[in-house]
Amino acid sequence: PDTNVYTVPPGGAPAIAPDGTIYYVTSGPTGEPGLWAVNPNGTLKWSKILENPKTPVIAPDGTIYVVESPASKLHALNPDGTSKWEISGNGFSQAPSLASDGTLYIGMAHAIGAFNPDGTNKWAITTSDNFSNSHLSIDASGTIYGVTNNSGVVYAINPDGTGKWTIPLGGGGSRPVAIGAGGILYVATHGSGSIDGKVHAVGEEATLAWSSVDAGAFHTVGIKSDGSLWSWGQNVWRQLGDGTNDNRNTPAQIGSATNWTSVAAGYRHTLALASDGSLWAWGHAVGDGTSDVRSTPTRIGSAPLKKQST
């Protein structure tokens, strides 16, 4: 296909308006344009001087909402680039999130704010936690989710500004919450020092959907909060434990037991502990005294494991 190219300095991901205009932000020297509007045919429409702006959010009516990070300002621009309004905040440094009713939500230093489409304040929640680097997520019911910058606490807030719940996940936060099918929330917390980075699955009512997850070379296994066992990935060596050698692209439950407490994925096998302390394994070289490949969980030994006294 034919392409049209308009050259701008390196910057963030573009945003597309309903009329096809492409908006692109750059972080060039002070005094040079930071927001560019490019027509669908690749010609420049207009540019505006902003310092280190974040990727804009475009409303259905074409209004452009963009945060200017060092100045901690939220701008609302008309489609022609003229200013509609601007407000200053304490710690504006991420793009706002736009709800279906036009409300703008944005994280700040020790607060989450909600603003009406005309720039007036709707409500604000103040906390001891910092949300200045948190890009907020909104689900179909209008619930707002944010993760604190450094402590990895997830906040759920109702559309009227009242708190719904919080759940501490540990580690550093500030990544956006991804909302999956059934309202499951997926939250990434990064590691620090000896703390590993993790991805958490959280239910709508602040319950961890998965209590344990481990990844092997080519497959993944997990235990849900109800104690059920699930696996997915490659299954050449029957390491999924479902009685087949079929590969699986999505989690599939292994058996019907709900007494699993811990699971570990190896290269060609899987190990799991049950609540009575018994050890189970499946796949290749599972430790049952044979060289057989086990396609379903097989108990290793007859006695439960016991912690040795020291």
For residues 95-107, tabulate all N or O donor-acceptor pairs below 3.5 Å that involve a side-chain atom, not counting sequence neighbours.
| residue | atom | partner | partner atom | Å |
| --- | --- | --- | --- | --- |
| Ser97 | OG | Leu136 | O | 2.5 |
| Asp101 | OD1 | Thr103 | N | 3.0 |
| Asp101 | OD1 | Thr103 | OG1 | 3.0 |
| Asp101 | OD2 | Thr103 | OG1 | 3.3 |
| Thr103 | OG1 | Lys122 | NZ | 2.8 |

| note | ring-ring contact (aromatic ring centres under 6.0 Å, His included) filter on Tyr155, not counting sequence neighbours, yields Phe131
| request: For the residue pair Lys54 and Ser93, confirm or rule out a side-chain donor-acceptor distance under 3.5 Å. | output: no
| query | Are Trp85 and Val57 in one and the same hydrophobic cluster, where Ile, Leu, Val, Met, Phe, Trp and Tyr link if side-chain heavy atoms are under 4.5 Å apart? | reply | yes
| Asn149 and Ser132: CA distance, side-chain angles, deciding distance, side-chain hydrogen bond (donor to acceptor under 3.5 Å, both in side chains) verdict | CA-CA 7 Å; Asn149 287 9; Ser132 60; 3.1 Å; yes
| request: Just do the side-chain contact (heavy atoms from CB on, under 4.5 Å) check on Arg248 and Thr250 with the steps written out, would you? | output: CA-CA 6 Å; Arg248 294 192 180 276; Thr250 57; 5.7 Å; no
| field | Any donor-acceptor N or O pair under 3.5 Å, side chains Thr270, His219 | value | yes
| Path from Ile112 to Met108 over hydrophobic side-chain contacts below 4.5 Å | no
| Interatomic distance, Asp246 atom CG to Leu240 atom CG [nearest 0.5 angstrom] | 9.0 Å
| Quick one: which of Val187, Leu185, Ile138 gives a side chain to side chain contact (heavy atoms under 4.5 Å, CB included) with Tyr145? | Leu185
| query | With no hydrogens and no angle check, is any side-chain donor or acceptor of Asp118 less than 3.5 Å from a backbone partner on Thr120? | reply | yes
| Trace of the side-chain hydrogen bond (donor to acceptor under 3.5 Å, both in side chains) decision for Asn235 with Asp242 | CA-CA 9 Å; Asn235 198 23; Asp242 61 357; 3.3 Å; yes
| request: Output the distance between atom NZ (Lys84) and atom CD1 (Ile64), rounded to the nearest 0.5 Å. | output: 9.0 Å
| Looking only at atom types and distance, does a side-chain atom of Asp160 sit under 3.5 Å from a main-chain N or O of Thr162, one as donor and one as acceptor? | yes
| With side chains defined as the heavy atoms from C-beta onward, is the minimum distance between Val154 and Val202 less than 4.5 Å? | no
| request: For Thr298 and Thr296, indicate whether the former's side chain and the latter's backbone hold a donor-acceptor pair under 3.5 Å. | output: yes
| message | Is the shortest side-chain heavy-atom distance between Ile58 and Pro18 below 4.5 Å? | response | yes
| Hey, are the side chains of Lys164 and Ile157 touching, using non-hydrogen atoms and a 4.5 Å cut-off? | no
| request: Could you work out the complete set of other residues in the hydrophobic cluster of Trp280, with links drawn between I, L, V, M, F, W and Y side chains under 4.5 Å apart? | output: Val221, Ile223, Leu229, Ile254, Trp260, Val263, Trp282
| said: Pairing donors with acceptors under 3.5 angstrom, does anything connect the side chains of Ser228 and Trp230? | reply: yes
| Where do His110 and Thr126 land on the side-chain contact (heavy atoms from CB on, under 4.5 Å) test, with the steps shown first? | CA-CA 6 Å; His110 309 294; Thr126 58; over 6 Å; no
| message | Quick one, Trp36 and Leu44 - any side-chain contact, counting heavy atoms below 4.5 Å? | response | yes
| message | How long is the straight-line distance from OG1 of Thr220 back to CG of Asp214, given to the nearest 0.5 Å? | response | 8.0 Å
| Whether Ser72 side chain and Phe92 backbone form a donor-acceptor pair below 3.5 Å | yes
| message | Under 3.5 Å, is there a donor on one side chain and an acceptor on the other for Asp129 and Thr127? | response | no
| message | Ser141: which residues meet the side chain to side chain contact (heavy atoms under 4.5 Å, CB included) condition with it, sequence neighbours left out? | response | Asp139, Thr143
| message | Checking Glu68 against His75 for the side-chain hydrogen bond (donor to acceptor under 3.5 Å, both in side chains) test, could you report, in this order, the C-alpha distance in whole Å, the side-chain angles of both residues, the deciding distance, and whether it holds? | response | CA-CA 8 Å; Glu68 189 177 11; His75 299 265; 2.9 Å; yes
| Note: Glu86-Lys73 ion pair, threshold 4.0 Å (strictly below) | yes
| field | Heavy-atom side-chain contact between Tyr23 and Val38 under 4.5 Å | value | no
| request: State, yes or no, whether a side-chain contact exists between Trp46 and Leu77 at a heavy-atom distance under 4.5 Å. | output: yes
| Is there a donor-acceptor pair under 3.5 Å between the side chain of Asn41 and the backbone N or O of Thr43? | yes
| said: Could you see if Tyr65 belongs to whatever hydrophobic cluster contains Leu35? Use Ile, Leu, Val, Met, Phe, Trp, Tyr and a side-chain cutoff under 4.5 Å. | reply: no
| Value rounded to 0.5 Å, distance of CG in Asn121 from CG in Asn116 | 8.0 Å
| Test: Asp292 and Arg238 ion pair at under 4.0 Å | no
| query | Rest of the hydrophobic cluster containing Tyr267 (Ile/Leu/Val/Met/Phe/Trp/Tyr, side-chain heavy atoms under 4.5 Å)? | reply | Phe218
| Residues clustered with Trp237, ILVMFWY side-chain links under 4.5 angstrom | Val236, Val293
